[in-house]
Engineer: 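Got a structure here, written out as structure tokens. Questions coming.
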Amino acid sequence: MTTETDQMRDARHELEMLSASDPAAQANMLQHVAAFRMMLTGRRHDQECEVLLIGAGFVLKHGSEKLLGAVCREDGRERIYIAFDVDDPAGPPLCWGLFVPQWGQVTCYGRCRLWSPANDARALIVPSSEPGSSHYAYRSGSKLRRLEGLPPGDLEAGFRRADARLAKLLKSEDLQQLRDKGFLAVLRSSDGKLERHTEKMAA
């Protein structure tokens, strides 16, 4: 594992902020967040869901995931994080994961996948890091519910349905026109304290 120097970290942060300022990258991330929310909750893109927190950014490196985990532990709320390539922020995400606070700790399930039932109902979250042991489902007005085992039905078929539905939503007119409803959050650790800065994305 390569140790990141302060100079390397500053250069990485500068590149991330530059990539995040690209309107095309911002639109792409917002569209994916909206599509994920629609699939998991069954709501329209313009309907808020304060219970389910979904964010998008760049691949978490060199302990950055610990900062996001600290936020989850601090407020006790689950978060889905969609990770993009800093060199191709307008392209498809590289992966996405689920942060779940429980018993004073935060579990990070990396490389999750969406699974859709044949009846086009709400999608489910299947963590690849726990193959066959559990999956998560959204329940209106409450936290994600952890369910034992895999979703019922053909697993691979459900993954294909979810991928197809996600692609269709991303191409929809509603999401293509989505531009100015996001916020940029910057997390930093200073002297052992977590610092957060949030600002409105450019329209």
Side-chain angles (χ1 to χ4, degrees), residues 1-2 4 8-41 45 49 52-75 77-101 106-116 123-131 134-136 138 144 159 162-167 169-171 175 178 181-189 194 196-199 201:
M1 180 180 293
T2 303
E4 186 179 43
M8 292 167 62
R9 185 192 62 235
D10 291 343
R12 175 169 59 85
H13 287 169
E14 185 176 349
L15 176 60
E16 289 175 345
M17 294 301 291
L18 178 63
S19 294
S21 67
D22 180 2
Q26 294 179 7
N28 186 43
M29 292 182 182
L30 288 173
Q31 289 158 8
H32 276 83
V33 168
F36 268 60
R37 183 180 294 113
M38 293 170 71
M39 291 183 65
L40 291 167
T41 68
H45 77 282
C49 180
L52 185 61
L53 298 178
I54 305 176
F58 303 114
V59 174
L60 300 175
K61 297 180 178 179
H62 301 286
S64 297
E65 70 281 358
K66 294 180 181 179
L67 294 180
L68 188 54
V71 174
C72 296
R73 184 169 54 251
E74 185 178 277
D75 62 16
R77 302 184 69 180
E78 303 152 332
R79 281 172 172 80
I80 291 171
Y81 183 82
I82 309 171
F84 292 82
D85 185 347
V86 69
D87 293 318
D88 185 23
L94 296 178
C95 59
W96 63 277
L98 173 65
F99 288 75
V100 180
V106 176
T107 301
C108 175
Y109 299 100
R111 299 192 178 279
C112 295
R113 294 193 67 180
L114 291 174
W115 185 94
S116 288
L124 304 175
I125 299 172
V126 180
S128 299
S129 55
E130 282 195 347
S134 66
H135 62 283
Y136 285 81
Y138 169 80
L144 291 171
F159 288 152
D163 290 344
R165 188 180 178 205
L166 178 64
L169 285 172
L170 291 171
K171 293 178 181 178
L175 295 197
L178 198 60
K181 294 184 178 180
F183 291 86
L184 176 66
V186 179
L187 305 178
R188 288 191 176 91
S189 180
L194 184 66
R196 283 178 281 184
H197 173 69
T198 304
E199 62 184 49
M201 280 183 165

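The first residue in the sequence is number 1, and the count goes up from there. Remember, predicted model here, so these are calculated numbers, not experimental data. Quick note: numbers below take in every heavy atom, side chains included, and nothing from hydrogens, waters or symmetry partners.
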Engineer: Side chains of Ile80 and Val33: closer than 4.5 Å at any heavy-atom pair?
Structural biologist: no
Engineer: Using atom types as modelled and distance alone, determine if a side-chain donor or acceptor of Asp85 lies under 3.5 Å from a backbone N or O of Leu94.
Structural biologist: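 Not a single qualifying donor-acceptor pair exists.
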Engineer: Just say parallel, tilted or perpendicular for the rings of Phe84 and His32, cut-offs at 30° and 60°.
Structural biologist: perpendicular
Engineer: Quick check: do Val126 and Phe159 have side-chain heavy atoms less than 4.5 Å from each other?
Structural biologist: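 The answer is yes; the side chains approach within 4.5 Å.
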Engineer: Which atoms form the tightest heavy-atom contact between Pro89 and Phe58, and what is the distance?
Structural biologist: CB-CE2, 3.8 Å
Engineer: Measure the shortest side-chain to side-chain distance between Val100 and Tyr136 over non-hydrogen atoms and say whether it is less than 4.5 angstrom.
Structural biologist: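 Yes, side chains in contact.
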Engineer: Is the closest side-chain heavy-atom distance between Cys72 and Arg77 below 4.5 Å?
Structural biologist: no
Engineer: For the residue pair Ile82 and Ile54, establish whether any side-chain heavy-atom pair is separated by less than 4.5 Å.
Structural biologist: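 Touching, per the 4.5 Å side-chain cut-off.
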Engineer: Answer whether the closest heavy-atom distance between the side chains of Leu175 and Met38 falls below 4.5 Å.
Structural biologist: yes
Engineer: Say whether, by atom type as modelled, one donor and one acceptor occur between the side chain of Trp115 and the main chain of Ala162 under 3.5 angstrom.
Structural biologist: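 No: the side chain of Trp115 does not pair with the backbone of Ala162.
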Engineer: Roughly how far, to the nearest 0.5 Å, is OG of Ser134 from CD1 of Ile125?
Structural biologist: 10.5 Å
Engineer: Going from CZ on Phe36 to CG on Leu52, what distance comes out if it is rounded to the nearest 0.5 angstrom?
Structural biologist: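 Interatomic distance, Phe36 CZ to Leu52 CG, rounded to 0.5 Å: 11.0 Å.
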Engineer: How long is the gap from CD on Gln31 to CG on Leu166, to the nearest 0.5 Å?
Structural biologist: 11.0 Å
Engineer: What distance do Trp96 atom CH2 and Arg111 atom CZ have between them, rounded to the nearest 0.5 Å?
Structural biologist: 12.5 Å
Engineer: Just verifying a value: how many Å separate Leu114 CG and Met39 CE, rounded to the nearest 0.5 Å?
Structural biologist: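 Rounded to the nearest 0.5 Å, the CG-CE separation comes to 5.0 Å.
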Engineer: Check whether any side-chain heavy atom of Val106 sits under 4.5 Å from a side-chain heavy atom of Lys66, and report yes or no.
Structural biologist: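 No, every pair of side-chain atoms sits at 4.5 Å or beyond.
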Engineer: How far apart are the C-alpha atoms of Tyr138 and Arg37, what are their side-chain angles, what is the distance that settles it, and do they pass the side-chain contact (heavy atoms from CB on, under 4.5 Å) test?
Structural biologist: CA-CA 10 Å; Tyr138 169 80; Arg37 183 180 294 113; over 6 Å; no
Engineer: To the nearest 0.5 angstrom, please state how far the CG atom of Leu170 sits from the CZ atom of Arg165.
Structural biologist: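 Leu170 atom CG to Arg165 atom CZ measures 11.5 Å (nearest 0.5 Å).
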Engineer: Among all residues two or more places apart in sequence or in another chain, which pass the side-chain hydrogen bond (donor to acceptor under 3.5 Å, both in side chains) test with His135?
Structural biologist: none
